[in-house]
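Throughout, a chain's letter reflects where its sequence line sits, starting with A, and its residues are numbered from 1.
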There are 2 protein chains.
Amino acid sequence: MNTQAENLPHNNSDLIGMLQRHQIMPTSQRIHIAQVLFEKTQHLSAEQVLDEVTSRGYSISRATVYNTLGLFANKGLVSTVNLDPDRVLYDSNTRPHFHFHNQDTGELIDIDMGNIEIKSIPALPDNTTLDNIDITLQLRQCSNDSE
Amino acid sequence: MNTQAENLPHNNSDLIGMLQRHQIMPTSQRIHIAQVLFEKTQHLSAEQVLDEVTSRGYSISRATVYNTLGLFANKGLVSTVNLDPDRVLYDSNTRPHFHFHNQDTGELIDIDMGNIEIKSIPALPDNTTLDNIDITLQLRQCSNDSE
DNA sequence: CTGCTTGCAAAGGCTTTGCAGAACA
DNA sequence: TGTTCTGCAAAGCCTTTGCAAGCAG
C-alpha cells in the first residue's frame with residue numbers, strides 16, 4: 001500500500017550505513033533520531049522528534065535534536081518543509097515528491113512525483129541552475145460527502 | 001517591461017477603493033502600508049514594511065504593521081510566502097504566479113503563470129477542495145557565464 | 001456613546017549559540 | 001591526545017497579545 005516506503009532503511013545496520021554514506025558519524029543520539037525519522041515517510045518537527053525519542057526511553061537534549069536535524073538536512077538525508085511559519089518540518093521521504101497541504105487541518109500528504117506532470121519550465125535567470133521543484137497543492141476542508 | 005504591474009493601484013483613491021472593496025476600513029496607517037506594498041510587485045517582510053513606512057516620515061508601531069499585514073493577507077489583498085523559516089514575506093502580486101527562489105542569495109523572482117504548464121493533477125483527498133497551487137523553482141547560484 | 005484601531009511593552013515560541021564536559025578515534 | 005559531539009542554559013529573533021488611550025461614525 002505504502003509504495004513510498006520501499007527505500008527506507010529496514011534495520012539498524014541499514015540506518016548506520018545510511019549515516020556513514022552521508023559522512024555522518026553514527027553516534028547513539030543520531031541513530032535514535034534516525035530510527036524515529038525513517039520508521040516511515042513522515043513530516044516531523046524538531047519538538048516531535050524530541051518527544052518521540054524521549055518517550056522511547058532515550059535521553060537526549062533539545063539542542064542535539066535541533067543540531068542533528070540541521071545536519072541531516074545539510075547532508076541531504078532529509079528535506080525541510082517550510083509551510084508553517086511557526087516550525088520547520090523534516091521530511092523523511094527522500095524520493096522526489098510533492099505535497100497536499102490541508103490549510104484547515106494542517107495535514108500534509110505526499111504526492112508521488114508521477115502524479116503531476118509539468119509541461120514546460122521558463123528559462124532560468126543567469127548564473128543559476130535548477131536544484132529542485134517544490135509543488136504544494138493548498139487545500140481547503142469542505143463537507144461535500146457526495147461530490 | 002513589467003507586465004505584472006498592470007493591475008496595481010495607481011493613486012491614493014485606487015488604494016482606498018481597493019481597501020474598501022476588501023472590507024478594510026482605510027485608516028491612515030493602512031494606507032501608508034498599502035502605498036509601500038503596492039508601489040510595485042514585490043515581496044516584503046513586516047520589518048521591511050515598518051522600515052519603509054518609517055523612512056517616509058510616517059510614525060507607525062510594529063504591532064500595527066504586523067496586524068495590518070495579517071489583515072491584508074486574511075482579506076486576500078496580499079499573499080504570504082513561507083520560504084524562509086525566519087520570516088514571512090508578503091507578496092503584493094495578486095495575479096496567479098509562481099516563484100524562482102535563489103537559495104544562495106535569497107532572491108525571489110515572480111514567474112508568470114503562463115510560463116509553467118501542468119499536465120495533470122492527482123485526485124484530491126476526500127472532503128477537500130483545491131485552493132491554490134504553489135510552485136517554487138529552487139535555484140542554486142553558479143558562475144557559468146557562457147552556458 | 002459605542003466599537004474599532006493603534007501603540008507600547010511584555011510575553012511567547014522556535015531555534016541558535018557559548019561553553020564545559022564527555023565520547024571517540 | 002586531539003577532535004568531535006553532547007547538553008545545559010541563556011540569548012536571539014520574529015510574531016502575537018493584553019490593555020489603555022485614541023479615533024470615527
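- Across all strands, B/Ser59 comes closer than 4.0 Å only to sugar-phosphate atoms, never to a base (heavy-atom distances).
- Put simply, CD on B/Gln29 is 14 Å from C1' on C/dC8, counting in whole angstrom units.
- Ranked by how close their nearest DNA chain C nucleotide is to the 5' end, A/Tyr66 and B/Arg62 are led by B/Arg62.
- The CG atom of A/Leu89 sits 14 Å away from the C1' atom of C/dT15 (whole-angstrom rounding).
- Within the model, atoms OG1 of A/Thr129 and CZ of B/Arg140 stand 8.5 Å from one another, a figure rounded to the nearest 0.5 Å.
- Rounded to an integer number of Å, the gap from CD of A/Gln23 to C1' of D/dT4 is 15 Å.
- Grouping the Ile, Leu, Val, Met, Phe, Trp and Tyr side chains by contacts below 4.5 angstrom, directly or via other members, places A/Phe38 apart from A/Leu89.
- Atom CG in B/Leu50 sits roughly 15 Å away from atom C1' in D/dC13 (whole-Å rounding).
- Picking from D/dT15, C/dT5, C/dT15 the nucleotide with the shortest atom distance to the side chain of B/Val88 gives D/dT15.
- With distances taken from any side-chain atom of A/Thr68 to the nucleotides D/dT6, D/dT15, C/dT5, the minimum falls on D/dT6.
- Separating the CG atom of A/Leu44 from the C1' atom of C/dC14 is a distance of 16 Å, rounded to the nearest angstrom.
- In this structure, B/Asn74 places its CG atom 11 Å from P of D/dT16, rounding to the nearest Å.
- Taking the side chain of A/Arg87 as heavy atoms from C-beta on, and the options D/dC8, D/dT15, C/dT15, the nearest nucleotide is C/dT15.
- Remark: the A/His43 side chain and the A/Asp110 side chain contain an N/O donor-acceptor pair separated by less than 3.5 Å.
- Atom NZ of A/Lys75 and atom P of D/dT4 are 12 Å apart (whole Å).
- No hydrogens or angles considered: nothing links the side chains of A/His101 and B/Asp134 as a donor-acceptor pair under 3.5 Å.
- Between A/Thr64 and D/dG7 there is a side-chain polar atom (N or O) within less than 4.0 angstrom of OP1 or OP2.
- Each of C/dT17, C/dT5, C/dG7 was ranked by its minimum atom distance to the side chain of A/Asn67; first place goes to C/dT17.
- B/Thr27 has no side-chain polar atom (N or O) that falls below the 4.0 Å cut-off from OP1 or OP2 of C/dC4.
- DNA chain D is contacted by both A/Ala63 and B/Ala46; A/Ala63 maps to the nucleotide lying nearer its 5′ end (nearest heavy atom per residue).
- In this entry the distance linking CD of B/Glu47 with C1' of D/dT16 reads 14 Å, nearest Å.
- Here the nucleotide nearest the side chain of B/Met25, chosen from C/dC4, C/dC8, D/dC5, is C/dC4.
- Not one N or O on the side chain of B/Thr94 forms a donor-acceptor pair closer than 3.5 Å with the backbone of B/Leu77.
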